[in-house]
Amino acid sequence: MKSLYLLIALAPLVGSAIAGLFGWAIGRVAAHVVTILGVAVSAVGAVVVLNGLLNGAPTFNGDIYTWLTVGGTTYSVGFLIDNLTAMMMVVVTSVSLMVHLYTIGYMHEDPGYQRFFSYISLFTFSMLMLVMSNNFIQLFFGWEAVGLVSYLLIGFWFKRPTAIFANLKAFLVNRVGDFGFLLGIGMVLAYFGGSLQYADVFAAAPALASKTVQIFPGVDWSLMTVTCILLFIGAMGKSAQFPLHVWLPDSMEGPTPISALIHAATMVTAGIFMVSRMSPLFELSDTALSFILVTGSITALFMGFLGIIQNDIKRVVAYSTLSQLGYMTVALGVSAYPVAIFHLMTHAFFKALLFLGAGSVIMGMHHEQDMRNMGGLRRYMPITWLTSLLGSLALIGTPFFAGFYSKDSIIEAVAMSHIPGSSFAYFAVIAGVFVTAFYSFRMYFLVFHGEERFRHVAHDAHGHDDHHGHGVHEPHESPWVVTLPLVLLAIPSVVIGYIAVEPMLVGDFFKGVIFINHEAHPVMKKFAHEFHSAAAMGMHAFTSLPFLLALGGVVTAWVFYLKAPQIPAAIKAKCGAINTLLENKYYLDDIYFAVFAKGSRGLGSLFWKVGDQFLIDGLIVNGSAKVVGAFSAVIRRLQTGFIYSYATAMIIGLLALMTIWFAGLIAR
C-alpha cells in the first residue's frame with residue numbers, strides 16, 4: 001500500500017515538473033495531458049483507497065522516509081491513511097481534476113498556459129501532502145506549500161498591479177496565521193514528550209489537560225488552551241476567518257479556475273481539516289472551543305452581509321465562501337467535527353461548481369464580470385444557467401440538496417450546544433440562512449434573468465465601454481471542456497448529501513478517527529438520537545425555520561431585482577451609512593494599513609533616522625572619525641619640520657620633567 005500512497009501523492013508532482021520545466025519544449029497539449037493524467041491517477045488511487053477502507057481495509061500510519069533526527073525527535077515523511085484522510089484525498093483530487101479539464105477551455109488563449117497547469121498540479125501535490133501527513137512537520141510543509149502556490153496563482157497575471165497587490169496581501173496575512181501555527185507546533189514539541197507524530201501527541205494529551213504554563217511571569221495559562229488557540233490562529237489565516245479573512249476576496253484577481261480550486265474547495269478548508277484532525281487536543285479546552293465558535297459566528301454572518309452589496313460576480317461567490325467557512329468553524333466550536341467535515345465535502349462540490357459557473361459566464365460575456373452589465377443569459381447559456389441554479393439551490397440549503405444536509409446539521413448542532421457563545425452562534429447561523437439565500441439569488445437573477453443589460457454596455461475592440469450599443473457581442477455558451485466539469489460537479493452537489501449524511505454523521509465513518517468527549521460535549525450524541533433517515537430529515541425541513549428563512553431570502557431577491565428594482569436603490573439611499581460601511585468592508589483594510597503598514601513603516605523610519613543615522617552613523621561612526629580628525633589636526637600643527645622647533649620642544653620637555661622630579665623631592 002505504501003507504493004499506492006506514494007503514487008497518489010507524487011503523480012501530480014511529476015506532471016507539474018514536466019509541464020513547468022519542459023512546457024516550452026513539449027507544447028500546450030502535452031502540458032495539459034501530462035498534468036491531467038497525473039491528477040487522474042491520484043483521483044483513481046484515492047477512490048481505491050477510500051473504497052478499501054469502507055470495506056474493512058486497515059488504516060495505515062507509518063513513516064516513508066526519515067530525513068533528520070535531533071535528540072529523541074524524528075523528522076520524517078509519513079502517511080496517516082484513515083477515513084478522514086481518504087475522504088479528503090477524494091475531494092481534493094476529484095475537484096482538482098474537474099478544474100484541470102475546465103482550464104483547457106478557460107485558459108486556452110493565455111500565453112502562460114503551461115505555467116498555469118504546472119502550478120495547479122503542484123498545488124494538488126501540496127494539498128495531498130498536507131492531508132496525508134502523520135506528523136506536524138509534514139503538515140507544516142504542506143501548509144506552507146499550498147500558501148506558496150496560492151501566492152503564485154493569485155499573481156499569475158503578474159503584469160497587473162492589482163494581482164501583485166492581491167498576492168502580496170494574501171502572503172502577508174497568511175504569515176500572521178502561520179506564525180501562530182508555528183508557535184503552536186513549538187508548544188507541542190516542548191511539552192508533549194518531544195515527538196511531533198500525531199499518535200504520540202494524542203496519547204500524551206490527556207495527562208496534560210490540567211497543566212499550566214507561564215507565558216508572562218506570575219500568570220498561569222492552560223497549556224492545552226494556549227496550544228489549541230495558537231494552532232487555530234493558523235487555521236484563521238488559511239481558512240480566512242475574521243479578522244484574517246481580508247486576503248480571500250482580493251484573491252479573485254487570479255484566474256477563475258484557481259478561485260474554484262484553491263479559494264473555495266480545497267486550500268481554504270485546510271484549517272477545518274487540521275482542527276478536526278487535532279480533535280483529541282481541542283476536546284480538552286472549552287476555552288479554545290468557545291474562541292473558535294465565536295470567531296466562526298462572526299465570519300459566517302458578517303461576511304455574508306458583504307456579499308449582498310458586491311457587483312463583481314466572482315466576489316459574490318468569494319464572500320459566500322467566507323461565510324460558509326464560518327459555518328464550518330462554528331461546527332468545530334460545538335465539537336461537531338463530523339458535521340464540519342461533512343459541510344467541507346458538500347461545499348467543495350457546489351462552491352467549485354458556482355465558481356466555475358461564474359467563470360463560464362465571464363467567458364460567455366467576453367470577460368465582463370460586473371453583474372449590472374448582464375441579465376437574461378439563461379437563453380444564451382442554458383447549461384451554465386442550469387448548473388448554476390443547482391449550485392445556488394445547494395448553497396442556500398434547499399431540502400434534499402447536498403448543502404441542505406450539511407448546513408442544517410450545523411444549525412441543529414449549534415442549537416443543541418451549551419458551549420459559551422452558542423447562543424450568539426445560533427443567531428448568526430440562523431440569520432445567515434436568509435442572508436445567504438438573498439445574495440445567492442440576487443446574483444442568479446441579475447445574471448440569468450430580467451433585462452439583457454449587456455446590450456446597453458458593450459465593449460469596443462480596445463476594451464472601452466461603448467454606451468451606444470455599437471459592436472455588441474452576443475453571449476454564448478462555453479465549450480464542452482468548460483461545461484462538462486459543470487455537469488459533473490452538479491451531480492454531487494445534488495446527491496452527495498443524501499448519500500453521505502447517515503454514515504458520516506450517525507454511522508461509524510469517523511469512528512476511531514475523530515475523538516469527541518461525549519460526556520462534556522454531547523452534541524453528536526443528541527444529533528444521532530434525533531436523526532431518523534436522510535429522507536425524513538428532508539421532508540421535515542419544509543416546516544423548519546431555516547427553510548422559511550431561505551425561501552424568504554429567495555422571494556426577497558426576486559422582488560428586489562426582477563419585480564421592483566427601484567426598492568434596492570431606495571434602501572441604499574436611506575441607509576447610506578450602512579452601505580458605506582459595507583462597501584468599505586468594515587474599514588478593516590484601512591485599519592490594517594494604518595496600524596500595520598503605516599505603523600511598521602513609521603517604526604522602521606524611527607529606527608533608520610534615530611538608530612542608524614543619528615546614533616550609529618552620526619555618533620559612533622562619524623562622531624569617532626571627527627574626534628580623531630580634530631585630535632590629529634592639533635597634533636599636526638606641532639610637526640613644523642624645523643630643527644630649532646624640535647630642540648625647543650625637547651628643552652621645554654626636559655625642564656618640565658626636571659621640575660616634576662624636583663617637586664617630588666621637596667614633597668618627601
Is there side-chain contact between I516 and K525, with at least one heavy-atom pair below 4.5 Å?
no

For residues T59 and I81, determine if any side-chain heavy atom of one lies less than 4.5 Å from a side-chain heavy atom of the other.
no

With the side chain counted from C-beta on, respond yes when M278 and L139 share a heavy-atom pair under 4.5 Å apart, and no when they do not.
yes

Under 30°, 30 to 60°, or over 60°: which ring-plane class applies to Y405 and Y498, parallel, tilted or perpendicular?
perpendicular

Side-chain donor or acceptor of W143 paired with backbone N/O of I137 under 3.5 Å
no

Distance, nearest 0.5 Å, that separates CG of N83 from CG of L54
6.0 Å

Decide ring pair (Phe, Tyr, Trp, His ring centres under 6.0 Å) for F242 and F302; before the verdict, give the C-alpha distance in whole Å, the side-chain angles of both, and the deciding distance to 0.1 Å.
CA-CA 9 Å; F242 177 89; F302 289 94; 7.8 Å; no

Could you tell me whether a side-chain N or O of S239 sits under 3.5 Å from a main-chain N or O of V268, the two making a donor and an acceptor?
yes

Near E519 CD, under 6.0 Å, is it more than 12 heavy atoms from other residues, nucleotides or ligands?
no

Using side-chain hydrogen bond (donor to acceptor under 3.5 Å, both in side chains), reason through T93 and S42 one step at a time and then give a plain yes or no.
CA-CA 6 Å; T93 55; S42 289; over 6 Å; no

Residues S118, S16; criterion side-chain hydrogen bond (donor to acceptor under 3.5 Å, both in side chains); working and verdict
CA-CA 4 Å; S118 176; S16 172; 3.3 Å; yes

Apply side-chain hydrogen bond (donor to acceptor under 3.5 Å, both in side chains) to residues E283 and S335 and explain how you reach the verdict.
CA-CA 7 Å; E283 280 299 283; S335 293; 2.6 Å; yes

Using side-chain heavy atoms (C-beta onward) and a distance below 4.5 Å, is F273 in contact with L130?
yes

Check: D82 side chain, T85 main-chain N or O, donor-acceptor pair, under 3.5 Å:
yes

Rounded to the nearest 0.5 Å, the NZ atom of K211 sits from the CG atom of L223 at a distance of 7.0 Å

Quick check: closest heavy atoms across A170 and I154, and the distance to 0.1 Å?
CB-CD1, 3.7 Å

Test your reading of the model: is there a side-chain donor-acceptor pair from T329 to the backbone of G296, 3.5 Å cut-off?
no

Determine, step by step, whether L395 and Q324 satisfy the side chain to side chain contact (heavy atoms under 4.5 Å, CB included) criterion, reporting the C-alpha distance in whole Å, the side-chain angles of both residues, the deciding distance to 0.1 Å, and the verdict.
CA-CA 9 Å; L395 171 61; Q324 296 306 305; 3.8 Å; yes

In sequence, state the C-alpha distance, the side-chain angles, and the governing distance for L153 and I120, and then conclude on side chain to side chain contact (heavy atoms under 4.5 Å, CB included).
CA-CA 8 Å; L153 284 166; I120 58 175; 4.1 Å; yes

Just how far is it from atom OH of Y119 to atom CD1 of I258, taken to the nearest 0.5 Å?
12.0 Å

Decide side chain to side chain contact (heavy atoms under 4.5 Å, CB included) for L306 and M303; before the verdict, give the C-alpha distance in whole Å, the side-chain angles of both, and the deciding distance to 0.1 Å.
CA-CA 5 Å; L306 294 180; M303 296 306 108; 4.1 Å; yes

Where do S276 and F282 land on the side chain to side chain contact (heavy atoms under 4.5 Å, CB included) test, with the steps shown first?
CA-CA 9 Å; S276 299; F282 284 87; over 6 Å; no

Report yes if some heavy atom in the side chain of M132 is under 4.5 Å from a heavy atom in the side chain of M88; otherwise report no.
no

Determine whether the side chains of D200 and S195 contain a donor N or O and an acceptor N or O closer than 3.5 Å.
yes

Distance-only, no hydrogens or angles: does the S417 side chain make a donor-acceptor pair with backbone N or O of V414 under 3.5 Å?
no

Working to the nearest 0.5 Å, report the span between CG of L289 and SG of C228.
7.5 Å

Examine distances only and state if a side-chain atom of N135 and a backbone atom of S76 form a donor-acceptor pair shorter than 3.5 Å.
yes

Would you say that S422 contacts L293 through its side chain, given a criterion of any heavy-atom pair below 4.5 Å between the two side chains?
yes

Return yes if some donor-acceptor pair links the side-chain N/O of S150 with the main-chain N/O of V146 below 3.5 Å, else return no.
no

Full working for ring pair (Phe, Tyr, Trp, His ring centres under 6.0 Å) between Y337 and F510
CA-CA 10 Å; Y337 308 99; F510 290 119; over 10 Å; no

Can you say whether the rings of F427 and F424 are parallel (under 30°), tilted (30 to 60°) or perpendicular (over 60°)?
tilted

Tell me if a side-chain donor or acceptor on Y592 pairs with a main-chain N or O of V173 at a distance below 3.5 Å.
no

Please name the pair of heavy atoms, one in K169 and one in D250, separated by the smallest distance, quoted to 0.1 Å.
NZ-OD2, 2.7 Å

Determine the interplanar angle of the Y5 and F60 rings, folded into 0 to 90°, and report it as parallel if under 30°, tilted if 30 to 60°, perpendicular if over 60°.
tilted

Less than 4.0 Å between a side-chain N and a carboxylate O, is that true for K2 and D63?
no

Check whether any side-chain heavy atom of S323 lies under 4.5 Å from a side-chain heavy atom of T299, and answer yes or no.
no

Quick one: closest heavy-atom pair of K238 and W247, and the distance?
O-CZ2, 3.7 Å

Is a side-chain donor or acceptor of T269 paired with a backbone partner of I272 at a separation under 3.5 angstrom?
no

Could you state the interatomic distance from CG (L183) to CD1 (I233), rounded to the nearest 0.5 Å?
8.0 Å

Are the side chain of E502 and the backbone N or O of G507 linked by a donor-acceptor pair below 3.5 Å?
no

With a 4.5 Å limit on heavy-atom distance, are the side chains of P338 and M504 in contact?
no

Taking T346 as the fixed residue, which of S493, S409, S406 is the one that meets the side-chain hydrogen bond (donor to acceptor under 3.5 Å, both in side chains) rule?
S406

Give me the one residue out of I36, L13, T35 that meets side-chain contact (heavy atoms from CB on, under 4.5 Å) with S121.
T35

Who pairs with E144 by salt bridge (charged side-chain N to carboxylate O under 4.0 Å, His left out), at least two apart in sequence or on another chain?
R175

Return the CE to CZ distance between M537 and F531, rounded to the nearest 0.5 Å.
6.5 Å

For Y426, all residues meeting ring pair (Phe, Tyr, Trp, His ring centres under 6.0 Å), sequence neighbours excluded
none

side-chain contact (heavy atoms from CB on, under 4.5 Å) partners of N51, counting only residues at least two apart
N55

Using 30° and 60° as the class limits, which term best fits the ring planes of F350 and H347: parallel, tilted or perpendicular?
perpendicular

